[in-house]
Structure formats: structure tokens, C-alpha cells
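What follows is a short report on a single structure.
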2 protein chains.
Amino acid sequence: MKKATGRSITIRDVARAASVSVGTVSRSLNAPDSVRPATLSKVRSAIEALGFRPDSRAQIMRRRHTMTVGFVVDDIGNPLHAATFKAVSAVMRERGFSPYLVNTSGGADNEAAAIDMLQHGRADGVIMTINSEQDPGTLKRLAELRIPSVLLDRAIPLDIDAVLTDHAIGMRQATDYLIGLGHRRIALITGGRDIRPGRERVRGFVEAFQKHGLDVPADLIRAQSLSADYGFREASTLLQREKPTAIIAAGNRILVGVLRVIQQNRVSIPGDVSLIACDQTDLALLYPGPITLIDRDIEEIGRTAAHLLLERLASSEERPAQRISLPTRLILGGSCAPVTA
Amino acid sequence: MKKATGRSITIRDVARAASVSVGTVSRSLNAPDSVRPATLSKVRSAIEALGFRPDSRAQIMRRRHTMTVGFVVDDIGNPLHAATFKAVSAVMRERGFSPYLVNTSGGADNEAAAIDMLQHGRADGVIMTINSEQDPGTLKRLAELRIPSVLLDRAIPLDIDAVLTDHAIGMRQATDYLIGLGHRRIALITGGRDIRPGRERVRGFVEAFQKHGLDVPADLIRAQSLSADYGFREASTLLQREKPTAIIAAGNRILVGVLRVIQQNRVSIPGDVSLIACDQTDLALLYPGPITLIDRDIEEIGRTAAHLLLERLASSEERPAQRISLPTRLILGGSCAPVTA
DNA sequence: ACTATGGTTGGAAACGTTTCGAAAACGAGG
DNA sequence: CCTCGTTTTCGAAACGTTTCCAACCATAGT
């Protein structure tokens, strides 16, 4: 249990102790087969004796890669991001990479900073969910990104790999289902149209009504933010004034807000209003009973992103960006009922 | 939008372009005041023209620090860890550090690997929740850790800073409250005694009974794992066989499992059984109504850990490890009722 | 005995930055 | 015009590895 001594032991110290050259020590570490057993054991015991551990700063500097990949999200409090990261981590670790996560707390500045920090030698690749899809600064930075990257659920006009979810189709299905139950006044609460999931969900929602030749309840569409607060606010005013017969809480944080309103006002689900959520979170699965939801396979999203990145990492040859789109599926819970009126 | 060219631009290229020395370029970057305005602008425009960006690999190698701190957890799917990390991040970022998170998925091996990777030059400091509190290998590695570190909610016989929660007191209070309501057959489900929170919670639970001169319902104590599955299993058998009048689900993942049982078996809360949870998660706040819970200030835990680490980071002088203990408080929800019998 | 041959080893260069001592440039005071 | 003290700049060394090339050493083949 020695104190942290000033200078640390270098490969040179080991070389001297084992009376071999630095090159040999290095090779003993990285290609043990290329050094004679006798020499190897001399080196090994010197390493042991001195307690030498290679300085990864220097290693990273010399070999031009870090064997780490970054995962950038706006809010790790979102269980979806956490699950995705875990899936990514599993694949990456298996292939010898150390994955780590950076939380930007949203904000174009923070996202830019995160990209910057990863940019030059902190990570070999990056998987990210960028919120400032439109921010010119961010876009520029992404364009100039020199390491392989994969975007999650975002589509930007750049040559970058992406793993997407078919939100439009999923939403159309869900809306369709509600319409089939006789609902017409269906409210949709979701994220802003400036970011892909919001845009696509609104599109699917609208398409479902159009397919049936029905008027789109445009006044019931609230698409501005994925936050719990937004969900709370919009659900409050909707339930108070517009009285929809069904609500689609499209975003797992939004669901938290919506459920808060439902709980506070003792709204009965599905008695007073039908409810559809997105993604299997603890809350959606457990609430009073399981909520009907638009689900997707988060694990697969993570794995797909990881593999996409690994491909790029492996072969340095250029190839056009890939966009892989994964489906959703509707899981029926107990939160929807036919309209009685 | 230039293609990734083979060799990248170095400080030497800039020096040549601006016809100054490398030293001057370096100083223009790091201490602009020490270079004449005329020279500075020459250098700046050369940098601009060439699109030079310093290679942080080399910077890290040269200056001996990375300005990053690692945050190690076993499961980032746990909302508590996520919240703690966010709090840590906020403080650290403010002070110029880039925090990042590593998920070990539990397992002594993975934890050891994470520590190893941070160890040498990946991070300047580390905040962690180590599950293998007893694992000799892990312990050894922690003892040899050469960078400042803070342990969260873990106490090991080593000279390491730690931020702890007063689980025992919190649990004693909660148990006390239930006893006051007339409960005697109180079940406790929590993590293993080999890890601090489990150990302390059991202690507090036992103390509460002893204080009242009551027999401890030892058969109702289930302390082995903090997982949702464990919560589910134990709640199932408890409700089926032992019929407690109250359950304390001490651990937010455990709560998920317990609620699953409650939902599936249509157990009425607090009609059939009273329930106390730990920590303000979405689920605990919203379930059917807010659950009575043993709460703690996660933000403060994160901030405290961050500050502890910053202190060590700032002054390199040795000082004995600090252990800071933070309180819990009981928040009354609607999940507890007096026993009627 | 002498030369190929193939596996090992030594030593130095390189990676891109920061830093340090010395040299140069500058401005002011005599 | 010279000297002195301050700023500013130069150039090289250093950080701890990896990697490359040349040198070395056996052994086997002739």
C-alpha cells in the first residue's frame, strides 16, 4: 500500500531492471510470442517486481486509437437512453471496446462541447442522440466529425449512419386502433416537429385520419417537447377544456406528466379517457394496469447501432451512410375502451 | 466538407505556415497574453486557414491530466444512479471537467475492468458505486488506485472518501411509523447484507422493533438482492404464505418487482397491505397514488461527492479520507393504513 | 568451415504536444 | 549610441509508448 510516489514507473525502468531494451519490454507486453520464453519471464518478473503498469496516455498517443466509444444523450434520466446504452455497451465490450456515456442535459452548446471533446482522440467512435437537429453550429460540427458515428432516431442531411424507428407507421397503427374503437377526438402529445420523432409521429397521426376520410383534430395535436412538464401542462388543459376521448402520450417522459394529471384529477382510465403510451417503461407496464403502447425493441436498436459503428471502425474504407429503420408494434394493454356515446 | 485526410494537421504545420516556432503556436493557444498581438493574429489565421485542432491525445500525454472524471455504476437503468450522475455532471462541468459514465452491469470482473481502464490516464478522478464490496480483488485494486476517488453509499476498510446515506436511521423511522400504526408483521425486502445499504437497512429495521420491546419478525426479512426480480419473487411468496400486514420495499428496483406482484394479484394498497418504498422514482410518486417513502436528496448526494472529488483534485496534499453521511426523511403518501384487526 | 536462414534483440526515431533555458528583440534612460 | 531590463520568441528536450531497421545469434544445409 505504497503512497502515490511522484514519478511513476516507465517501460525504461523495467528494461533496465530486466537488462533488456525498451523495445523488448514493449513486445513482451503486446506480442509475447515474439520474445523468447527466457527473456519473457525475465521481463515479466521485472514488471511484477516494480509494479509497472503501462501508461495508457502514452499508448493512446502512440497507437492512434483509444478502444473506447462514446455514447452521447441529452438526458440519461430517460430510461430508454439507459436501456440503449446498456445494449450498446454489451456489444461493444464483447468486441474489446470500452463504452462510456456523456450526458449533455440538452442544449446545443453542451452537445457541441460533447462532440468536441470526443472529437480528437477521446473516443474512436460515437453513438449519439442529438437534439439540435437543426442547429447550424451543431450540424457543421457533425459534418466535420472525423470519427465514425451513428445517429439514433435522428435524420440530418449529412452522410452519417443512423438507426431510426418507424414512428409514423407505429403512430398510424395506434391511431387507427383508436379510430376503430370509435374515437374521433383523439389528442396527441409529443415532441417538437423540428426533431424527427415528433415530426414522424404527427405525420402518422394525420395519415391515419386521412386514410379514414376523417377530419384531423388539429386542435388536439400538441407537439412541442418531450418533457414530463410539457406532458403535464398539455394534458391538464386538454382534459379541462378540449375533453378528448383518447390521449396518445407519445414519449416516455410525457407519459409521466400525463399520468400525474390523471392521478391528481382522479381521471379513470379507460373509463373517462383512453390512453396510449410509447415504449415499455416501468410506469407504462405497471401503472394501474398495463397501458396499451407503441413498443419498439430497444435492445435491437442499441445492438444495431453498435454493429453499424463496429463496421465503420473495422474497415476504414469509405462507404455511403446507412440508415436502418426498425419497426414498432402495438401492444394492447387495458387502457383503451370503445367510445360509448 | 473535406474527406478525412490521412495525416492530420499538427502544431508544426501551423508554425511553418505562420513562420513562427512551435513554442509560439503552443503559447498562442494556451497563454494568448504572453504573445504579441501581431504574432497572435498571424498564428490565429494560420490555424483558421489550416483548420488545425490540437490533438488531445498528445495534450493528455504531455500535461499529465485529462480534465475528465469517471462515474462508475453497476446499472444505469437505475434512475437513482442516473440522477446522481446528472448532479455530479452539473458540478463537474461547471468546474471545467468532463464527466463520463461507465456501466459495469455488476460483476466483480467488470468492475475491476472499469477501474483498471480509468486507472491510468483515462480520468483524473472517479466516483463510484462498487458492488463487490467484499471482493478481495476489487478491494486490492481500490487500494492501489492512484487517482482520487469517492465511493457512493459503500463503506470499505480503506482510506477512501465516501458519501453515505443514513439508511439505518431512515429504516428505523419507517418501521417505527408502521409499528405506530399497529403493524407487527412487517416484511422487509432489500439488498444483501454484504453491501452497505442492505446491511444498514436491516439494522435499522431490527432496532425499531427492539426499541419497542417487540419480537423482530426475522422470518419476514428478505435481504439478498436489489433487483426487480428479487422483489417480485420475495413479494410473491410473502403475500402468498406469510401474509404480512405491511411491506417495506427498500430499493427502487425491488419496488418494481413488488408492484408487479401487487398488480397481478390485485392486492389493494393500503387495504390489503401497507407499503413503504425508498426514493422518489416516477413509479413511487405515481403508482396508484403516491407511495409513502423513505426519501433522500439525490442531488445533494451527487453534489457532495463531486465537491469531495474536486477538493482532492485541487490540492494534491494527502489528507485522511472523509465520510459524509446524509439523512433520509419519511414522506407520507397514501400507501399505509392502521391495522384494523 | 562457411553461408543462408529465421527468429530475437537492441537502439533510435516517431507520435504531437508542452515547457524550459537561452537568445533575440524592443523600448527607455543615460 | 550604448546599456540595461523586460517582453517575446526560438529551438530543443521531454512525456512514455510503439515500431522500424539493422544487428545479432544459433542452427542447418552445403
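Protein chains get the first letters and strands the later ones, always in sequence-line order, with residue 1 at the start of each.
Regarding Leu40(B), its CG atom lies at a distance of 11 Å from the P atom of dT8(D), rounded to whole Å. Atom NE2 in His65(A) sits about 14 Å away from atom C1' in dC15(C), given to the nearest Å. We find that CG of Asn30(B) is positioned 15 Å from C1' of dC20(C), with the value rounded to whole Å. With rounding to whole Å, Arg16(A) atom CZ is found 20 Å from dT9(C) atom P. Between the CZ atom of Arg27(B) and the C1' atom of dC10(D) there is a distance of 9 Å, rounded to whole Å. Atoms CD (Gln59(B)) and P (dT17(D)) sit 20 Å apart, rounded to a whole Å. One interatomic measurement links the two molecules: CD1 of Ile11(A) to P of dT19(D), which rounds to 11 Å at whole-angstrom precision. Rounded to whole Å, atom C1' of dA14(D) lies 14 Å from atom CG of Asp55(A).
Across all strands shown, Thr39(A) has heavy atoms under 4.0 Å from sugar-phosphate atoms exclusively, and none from any base. If you check every strand for non-hydrogen atoms under 4.0 Å, Arg12(A) touches a base.
Contact of Arg62(B) with dT17(C) (side chain to base): no donor-acceptor pair of N or O atoms is detected under 3.5 Å.
Note on Thr24(A): a side-chain N or O is less than 4.0 Å away from OP1 or OP2 of dG10(C).
Of the listed nucleotides (dT9(D), dT18(D), dG16(C)), dG16(C) has the atom at the smallest distance from the side chain of Arg64(A). Side chain of Val35(B), nearest nucleotide from dT9(D), dT17(D), dC10(D): dT9(D). Considering only side-chain atoms of Val22(A), the nucleotide from dT9(C), dA12(C), dT17(C) that sits closest is dA12(C). Distances from the side chain of Met61(A) to the nucleotides dG10(C), dA12(D), dC15(C) place dC15(C) closest.
The side-chain hydrogen bond (donor to acceptor under 3.5 Å, both in side chains) with Asp161(A) is formed by just one residue from the set Arg312(A), Gln322(A), Arg323(A); it is Arg312(A). Considering Thr39(B), Val35(B), Val20(B) as possible partners of Ser28(B), the one that fulfils the side-chain contact (heavy atoms from CB on, under 4.5 Å) test is Val35(B).
With the nearest nucleotide of DNA chain C identified for both Arg36(B) and Pro54(B), Pro54(B) has the one nearer the 5' end. Each of Leu29(A) and Ser34(B) has a nearest nucleotide on DNA chain D; the 5'-most of these lies closest to Ser34(B). Of the two residues contacting DNA chain D, namely Pro37(B) and Ser26(A), the nearest-nucleotide position lying further toward the 5' end is that of Pro37(B).
Not counting sequence neighbours, the partners of Phe85(A) by the ring-ring contact (aromatic ring centres under 6.0 Å, His included) test are Phe71(A). Qualifying side chain to side chain donor-acceptor pair (under 3.5 Å) partners for Asp55(A), counting only residues two or more places apart in sequence or in other chains: Arg57(A), Arg64(B).
Side-chain contact of Asp74(B) with Thr104(B): a donor-acceptor pair under 3.5 Å is absent, judged by distance alone.
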